[in-house]
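The next block holds one structure in the form of structure tokens; read it before the comments.
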Amino acid sequence: MKRIILCLFEILFLFDLCQGFGIVSNGIDRDTLSMPFLVLDSLGNPVDLAAGDSAYLVVFYPGGGLAYRDSMAYNDDRIKSYEWEDFDGAKSYVLTEKVSVLDGDAPSNGVYAYVITVDDNTGADLMTSTRGFFQVVNTPLEYSLDSAAFARKAVDSINLVFDSLAKIIDSLEHLSEAVDSSTLAGCIWNTPQSNHTQSGTFGKYLDAEISGISVGGGAYSIEIMVLDTALDQPIPGVGLNVRNLPQTALIAVGQSDNSGSAGFSLNPDTFMVAAFAPGYIFHPYDTIVVTGPGLDTLFGYRFDPGEPTDPGMCRLYGFVYNISGNPESDAAITARLPAGVTRAGAALISPLMVETTSDGNGYFYLDLIPNTELTPDTTRYEITVARPDGIILRERVVVPDQSSWLFTW
């Protein structure tokens, strides 16, 4: 095992050396850095540089001091533009400059930071800033000028890597000879099971379903059954979270098996159990009191949120509960699209935000356009849930292309 660790250390050390062949400042002006930047209007859309626009570049040393700064007009030779034909003809820009200029009068090994700021000079006083960083490593002159010496150094490094890999393979072969399967099995398994009776090849959980294995570190075995109230049948695949009564700690997590059962090992105490399964509604919290081994039953029912007003839309629905597990009515739920997203197919979207409130059962729904129908289709909705005393949740999600979707958090 020591040989394996040493070999891995050798490989990592070699890879660390290879970082020296990144961006370099070798004093002969042959290394150039390309720094992409954008020009945006007041709506956040990319626009073109125009006459009167200016760009400002500031570069900082690894320690934070000012290394270099310069300003230039929109048509400076160092600014290159590239047109995106598939993005309404908008342009992207790159500012190019030699590393030997950017790294300042006192070049330093390490990570430099830079900021490119563009002033559109249209009277709207709009400034677009782009930030980035690059690493400078001063390569010894013998390797930057002598290609033969550089090649010899590279070949030597590769040979060392292959030699280290050979040592690792040799160590693993010796390890496999020293530890056979029976020895390994005897270290991790302890109780014979049916069809696994040979010494050293039996396992404690080989005959149990993974979802049915007890979880938690308590003294008593607690079984939780999950049933459909309408059909009086077990519900498989229900996620179960066991928390302490103040809900400050997650005690155990499990999932019901094909018989609707999940096992937990819990200490004497009072716990709250939350259940979740797609298409089912459960009471927000079920309280169980553990004084010894026992059984508890959770009940759920299938929920139909109805059809959206437009067949092409998706009904996003959910429930809001307070920390005590009671329905939270009059919570404000909004769905907003970020600026710049204005089309769904050939149609314009208006308004960009829709909202609703939760009812007496904490229930709410919003009919939204699936993200696959939006332009661009990578857009995410921002969902906000708020009360008069503050925002409960703000999350960005992708609304699927289906008739309904249960929103959870």
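The shown structure was predicted, so the numbers you read here are calculated from the model rather than taken from an experiment.
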Restricting to pairs with a member in residues 56-76, which pass ring pair (Phe, Tyr, Trp, His ring centres under 6.0 Å), not counting sequence neighbours?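 Listed once each, the pairs are Y61-Y112.
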Those residues that, when tested against D76, pass salt bridge (charged side-chain N to carboxylate O under 4.0 Å, His left out) (two or more places apart):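 In terms of salt bridge (charged side-chain N to carboxylate O under 4.0 Å, His left out), with neighbours along the sequence ignored, D76 is linked to R78.
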Can you name the salt bridge (charged side-chain N to carboxylate O under 4.0 Å, His left out) partners of D296, sequence neighbours left out?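 With neighbours one apart ignored, the set is empty.
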Taking side chain as C-beta onward, heavy atoms only, is [X] less than 4.5 Å from [Y]?
{"X": "I79", "Y": "M72", "answer": "yes"}
{"X": "M35", "Y": "L102", "answer": "yes"}
{"X": "V59", "Y": "L66", "answer": "no"}
{"X": "S404", "Y": "P305", "answer": "yes"}
{"X": "F407", "Y": "I333", "answer": "no"}
{"X": "R302", "Y": "Y280", "answer": "yes"}
{"X": "T96", "Y": "L33", "answer": "no"}
{"X": "Y220", "Y": "N267", "answer": "no"}

Would you please name every residue forming a side-chain contact (heavy atoms from CB on, under 4.5 Å) with [X], sequence neighbours left out?
{"X": "T297", "value": "M225, L227, F299"}
{"X": "Q402", "value": "C314, P400, W405"}
{"X": "D401", "value": "P370, T372, E373"}
{"X": "A335", "value": "V354, L366, L368, Y381, I383"}

Can L266 and D269 be said to form a side-chain contact (heavy atoms from CB on, under 4.5 Å), step by step? CA-CA 8 Å; L266 304 175; D269 205 342; over 6 Å; no
Take V99 and T32 through the test side-chain contact (heavy atoms from CB on, under 4.5 Å) and record every step on the way to the result. CA-CA 5 Å; V99 176; T32 300; over 6 Å; no
Please give me the minimum heavy-atom distance between P308 and M313, naming the atom from each residue. CG-O, 3.4 Å
Closest heavy-atom pair and its distance - G360, S329: CA-CB, 4.0 Å
Strictly distance-based, threshold 3.5 Å: is any side-chain N or O of [X] a donor or acceptor partner for the main-chain N or O of [Y]?
{"X": "N371", "Y": "V399", "result": "yes"}
{"X": "D103", "Y": "P107", "result": "no"}
{"X": "N241", "Y": "A274", "result": "no"}
{"X": "S358", "Y": "D330", "result": "yes"}
{"X": "S256", "Y": "A262", "result": "no"}
{"X": "T334", "Y": "E355", "result": "no"}
{"X": "D286", "Y": "V273", "result": "no"}

Does the side-chain contact (heavy atoms from CB on, under 4.5 Å) test come out yes or no for Y114 and L57, once each step is laid out? CA-CA 7 Å; Y114 68 83; L57 170 65; 4.3 Å; yes
According to the salt bridge (Lys or Arg N to Asp or Glu O under 4.0 Å) rule, which pairs have a member within residues 239-251, sequence neighbours left out? none
Listed once per pair and sorted, the salt bridge (Lys or Arg N to Asp or Glu O under 4.0 Å) pairs that draw on residues 378-390, sequence neighbours left out: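 Output for this query lists E328-R387, R336-E382, E382-R394, E382-R396, R387-D389.
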Could you measure the distance from the CD1 atom of I369 to the CG atom of L374? Nearest 0.5 Å is fine.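 Taking CD1 in I369 and CG in L374, the distance rounds to 6.0 Å.
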Measure the spacing between CD of Q233 and CG of D228 and express it to the nearest 0.5 Å. 7.0 Å
List in chain and number order the residues that pass ring-ring contact (aromatic ring centres under 6.0 Å, His included) with Y363, two or more places apart in sequence or in another chain; answer none if no residue qualifies. F303, F319
Sequence-distant partners of F37, ring-ring contact (aromatic ring centres under 6.0 Å, His included), two or more places apart: Y93
Is atom CG of D77 surrounded by more than 12 heavy atoms (other residues, nucleotides or ligands) closer than 6.0 Å?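 For D77, atom CG is not crowded (no more than 12 foreign heavy atoms under 6.0 Å).
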For S129, enumerate each residue passing the side-chain hydrogen bond (donor to acceptor under 3.5 Å, both in side chains) test, keeping only those at least two apart in sequence or located in another chain. T117
